[in-house]
Asker: 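Take a look at this one; I'll ask things after.
Just so it is clear: chains get the letters A, B, ... in the order the sequence lines come, proteins before strands, and each one is counted from 1.
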Amino acid sequence: VLSRGGVIDAASLEELEELLIAADLGVHTVTRLIDGLRRRTEGGERFDAARLTAAMREMIGEILRAGEAPLEVDRERPFVIMVIGVNGVGKTTTIAKLAAHYRGEGKKVLLAAGDTFRAAAIEQLEVWGTRAQVDLVKHQAGADSSAVLFDALQAARARGVDLLIADTAGRLHTRVNLMEELKKNKRVLRKQMERAPHEVLLVLDATNGQNAVQQAEQFSRELGVTGLALTKLDGTAKGGVIVNIIERLRLPVRFVGVGEGLRDLQPFVAEEFLAALFE
Amino acid sequence: SLTQRLEGIFKKLRGRGTLNERDVGEALREIRVALLEADVNYTVVKSFVEKVRQRAVGAEVLASLTPAQQVIKIVNEELTRLMGAQGAELQWAPSAPTIVMMCGLQGSGKTTSTAKLAAKFRQEGKRPLMVAADIQRPAAIQQLQTLGKQIGVPVHVGGPGESPLRICQEAVRVAAAQHCDVLLLDTAGRLHVNTELMEELREIKARLQPHEVLLVVDAMTGQDAVNVAKAFHEAVQLDGVVLTKLDGDARGGAALSIREVTGAPIKFIGTGEKVEALEAFHPDRMASRILG
Ligand SMILES: Nc1nc2c(ncn2[C@@H]2O[C@H](COP(=O)(O)OP(=O)(O)OP(=O)(O)O)[C@@H](O)[C@H]2O)c(=O)[nH]1
Ligand SMILES: Nc1nc2c(ncn2[C@@H]2O[C@H](COP(=O)(O)OP(=O)(O)OP(=O)(O)O)[C@@H](O)[C@H]2O)c(=O)[nH]1
Ligand SMILES: [Mg+2]
Ligand SMILES: [Mg+2]
């Protein structure tokens, strides 16, 4: 592995490649990064394992920092967050954490039980609402999710709430009719309040592999995603798909989930994510 | 598609009788990329590609095939062989009840799959009993109860403060008393690195001796599948895998990784949110899905 004039420790390069693939960055992204690294190391100096890693960290760090943009919820009232994503990624739990987080900042939060489909989805959010000490707007199971969101927004405005966080049912991005339902949910909110939902938050599961890219692309194309939340980073999965997603779709990662409790939510910090990636 | 990419590589080599080292080398690079794109773990990819290399170099190209098709044929055969026998079924215990323990990471589809299996067994004329052994997730018990009502299968619920182990032990007594054929234990999602929760699972396995321990895995799982599968296998010795959410467009390479590191066969696949969406596993279909 000799670059024009420079010398790269081939074994270290392969090791680096495997580390990044193991972290779910994806073979194509890793190939691009490795090629970029090779270009950076042309110039006659010797690049050993330490220097290669440092250079790679710098390249990835640059991409991650572009994805660092905290959510600003003070510009609208009520600020409406619509939480979406495929099945089981942690939407409902993330909403509970967000509710506790903003309530802790002294904000008045209202939740909308927009998952009217899955067994005990409403009950699940109700328990969380009680624990986070925030109110919830719900209808009966099987109700029209758009009707729930509509009522919730109306209640949020009437009660002078600071934040409305809407839960939606998990759905695969490949289900056209379910994506249509989500679009209708969004339209119904927009019809009632000019710029609502102000944040369309896509929740991604760090244990997912390359399919997370398809999820981000499809939900973005169909709904217009404005922010990401990456959950289950307390496991051993690194969530490396986010590097490609940030770079390609220019989406900010607002929060990361690091556990199943109410306080297990952190703002996305590029340096911390980067450090964990290279552990 | 992979076939097209390999056709491109071999286009210049029409008419050769056997596959030589260099042609195969280039083809193997494409195959490696395809498998990594499909989320097959990179260590599994390494050993798999090596197996294919050994079979492919010097191999005769059948008269009816192009060199690319010959390589694809070898890859498909190796993959299908690795994925295991078709129709690995649930093993029924010699005397009732057969105890099935569902385990896996958070959100993988355990509760839904428990209900799917229960519904299937009921249709087959068996008497299932589901056990709500997840006492930590909000409304987990209600979730299983709601599903139980939908499918007409009873759910055993523990008393206040009862541990998951106690709930399961009590359920075995209830199952025996009610002449149930199969007991399905729905456990809480847990991280394989949570020592305490893995110990809890180990204890349930040790004390209840389930006849089938099924790891429920999300088909979208990435490289981490190997770590998860190894840890669960070491803790509770898996008898099989339920691969869920295959109705999406994930390639499902985790299936290969799990099979490779644990030897556990995929016994069922989840193909939707409804309780009827459970199907038998077809290794050949999975192989072509992974290859893309
Ligand atoms: N370890 C860990 N578990 C999490 C995290 N976030 C959510 N979970 C767990 O993941 C499982 C699924 O979470 P839910 O909030 O129900 O996910 P969901 O996206 O709302 O699921 P559906 O509504 O069914 O699509 C639960 O067991 C949660 O406790 C996290 O950051 N870390
Ligand atoms: N599309 C699809 N969704 C599925 C499938 N299996 C389960 N789900 C959905 O995935 C989500 C999580 O399913 P659960 O059964 O709650 O998962 P779990 O493993 O019990 O979750 P925890 O108990 O929190 O660990 C739910 O929204 C289910 O409807 C499947 O095969 N296809
Ligand atoms: Mg939910
Ligand atoms: Mg469950």
Side-chain angles (χ1 to χ4, degrees), chain A residues 17-28 30-31 86-93 96 117-131 141 169-175 178 205-212 214-215 218 231-232 234-241 259-260, chain B residues 32-43 45-46 105-109 111-112 115 136-150 188-194 217-228 231 244-245 247-254 272-273 275:
Chain A
E17 187 183 27
E18 291 188 340
L19 174 99
L20 297 176
I21 288 183
D24 281 319
L25 265 77
V27 60
H28 297 296
V30 173
T31 303
V86 303
N87 308 74
V89 294
K91 298 177 291 301
T92 305
T93 310
F117 168 75
R118 206 208 69 214
I122 297 169
E123 288 87 332
Q124 183 186 9
L125 191 63
E126 271 188 299
V127 172
W128 279 122
T130 308
R131 289 186 190 178
R171 71 205 63 218
L172 296 182
H173 48 287
T174 47
R175 293 286 305 272
L178 297 182
D205 184 333
T207 67
N208 282 184
Q210 297 311 302
N211 194 254
Q214 266 90 289
Q215 294 170 31
Q218 287 304 324
T231 63
K232 307 181 193 172
D234 46 320
T236 50
K238 304 277 175 139
V241 271
E260 302 191 68
Chain B
R32 173 180 173 271
V33 168
L35 293 177
L36 288 175
E37 283 174 340
D39 291 324
V40 180
N41 183 272
Y42 77 98
T43 57
V45 172
K46 242 187 185 165
L105 295 182
Q106 291 88 348
S108 59
T111 305
T112 310
Q136 89 91 8
R137 167 175 155 151
I141 296 171
Q142 279 106 310
Q143 186 184 4
L144 197 62
Q145 285 177 315
T146 302
L147 291 168
K149 279 202 208 79
Q150 266 177 40
R190 67 202 65 215
L191 293 179
H192 53 298
V193 291
N194 184 319
V217 179
D218 189 328
M220 306 179 243
T221 308
Q223 296 287 308
D224 201 43
V226 154
N227 303 327
V228 176
T244 64
K245 308 178 202 173
D247 43 317
D249 56 0
R251 297 264 288 274
E273 299 189 65
V275 103

Asker: Between atom CG of A:Asp24 and atom OH of B:Tyr42, what is the distance when rounded to the nearest 0.5 Å?
Answerer: 11.5 Å
Asker: Between the side chains of B:Asp224 and A:Thr236, does any donor sit under 3.5 Å from an acceptor?
Answerer: yes
Asker: Show the nearest heavy-atom pair for residues B:Ala139 and A:Ala120, with the distance to one decimal.
Answerer: O-CB, 3.8 Å
Asker: Got a donor-acceptor contact below 3.5 angstrom from the A:Asn211 side chain to the B:Met220 backbone?
Answerer: no
Asker: Under the side chain to side chain donor-acceptor pair (under 3.5 Å) rule, collect the residues that match up with A:Thr93, sequence neighbours excluded.
Answerer: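 Scan of A:Thr93 (side chain to side chain donor-acceptor pair (under 3.5 Å), adjacent residues dropped) gives none.
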Asker: Flag the one option from A:Asp234, A:Ile122, A:Val86 with the top tally of heavy-atom pairs under 4.5 Å to chain B.
Answerer: A:Asp234
Asker: For A:Lys232, which residues count as a salt bridge (Lys or Arg N to Asp or Glu O under 4.0 Å) partner, sequence neighbours excluded?
Answerer: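 For A:Lys232, the residues satisfying salt bridge (Lys or Arg N to Asp or Glu O under 4.0 Å) (neighbours in sequence not counted) are A:Asp205.
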Asker: By a 4.5 Å heavy-atom criterion (distance strictly below it), what part of B:Gln145 contacts chain A: side chain, backbone, both, or neither?
Answerer: neither
Asker: Relative to chain A, which segment of B:Asp249 carries a heavy atom at a distance below 4.5 Å: side chain, backbone, both, or neither?
Answerer: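 For B:Asp249, backbone and side chain are both near chain A.
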Asker: Counting only non-hydrogen atoms closer than 4.5 Å, does A:Gln218 touch chain B with its backbone (N, CA, C, O), its side chain (CB onward), both, or neither?
Answerer: neither
Asker: Side chain, backbone, both or neither: which part of A:Gln215 has a heavy atom under 4.5 Å from chain B?
Answerer: side chain
Asker: Most heavy-atom pairs under 4.5 angstrom with chain B, which of A:Glu123, A:Arg175, A:Glu18?
Answerer: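 Of the candidates given, the most pairs with chain B belong to A:Glu18.
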Asker: Side chain, backbone, both or neither: which part of B:Ile141 has a non-hydrogen atom closer than 4.5 Å to chain A?
Answerer: neither
Asker: Checking A:Leu178 against chain B: side chain, backbone, both or neither under 4.5 Å from a heavy atom?
Answerer: side chain
Asker: Which bit of B:Glu273 is near chain A, if near means a heavy-atom gap under 4.5 Å: side chain, backbone, both or neither?
Answerer: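 Side chain of B:Glu273 only, per the 4.5 Å heavy-atom cut-off to chain A.
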Asker: Work out which heavy atom in A:Leu172 is nearest to a heavy atom in B:Lys245; give both atom names and the distance.
Answerer: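 It is CD1-O, 4.5 Å.
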Asker: Name the region of A:Arg131, side chain, backbone, both or neither, that has any atom closer than 4.5 Å to a heavy atom of chain B.
Answerer: side chain
Asker: Any idea which of A:Thr174, A:Asn208, A:Thr207 has the most non-hydrogen atom pairs under 4.5 angstrom with chain B?
Answerer: A:Asn208
Asker: Name the region of B:Val33, side chain, backbone, both or neither, that has any atom closer than 4.5 Å to a heavy atom of chain A.
Answerer: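 For B:Val33, the contact with chain A is made by backbone and side chain together.
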Asker: Can you tell which of B:Gln142, B:Lys46, B:Gln106 has the highest number of heavy-atom pairs within less than 4.5 Å of chain A?
Answerer: B:Gln106
Asker: Using side chain to side chain donor-acceptor pair (under 3.5 Å) as the criterion, point out the one residue from B:Gln136, B:Arg190, B:Arg137 that pairs with A:Glu260.
Answerer: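 When side chain to side chain donor-acceptor pair (under 3.5 Å) is applied between A:Glu260 and each of B:Gln136, B:Arg190, B:Arg137, only B:Gln136 qualifies.
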Asker: When you look at B:Gln143 and A:Gln124, which way does the side chain to side chain donor-acceptor pair (under 3.5 Å) test go after all the steps?
Answerer: CA-CA 9 Å; B:Gln143 186 184 4; A:Gln124 183 186 9; over 6 Å; no
Asker: Is a side-chain N or O of B:Asp39 found less than 3.5 angstrom from the main chain of A:Gln210, in a donor-acceptor match?
Answerer: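 Yes: the side chain of B:Asp39 pairs with the backbone of A:Gln210.
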Asker: Pick one of side chain, backbone, both or neither for B:Asp247, based on which atoms fall under 4.5 Å of a heavy atom in chain A.
Answerer: both
Asker: Mind checking the NE2-CG spacing from A:His28 to B:Leu36? Nearest 0.5 Å is all I need.
Answerer: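 Here the rounded value is 9.0 Å.
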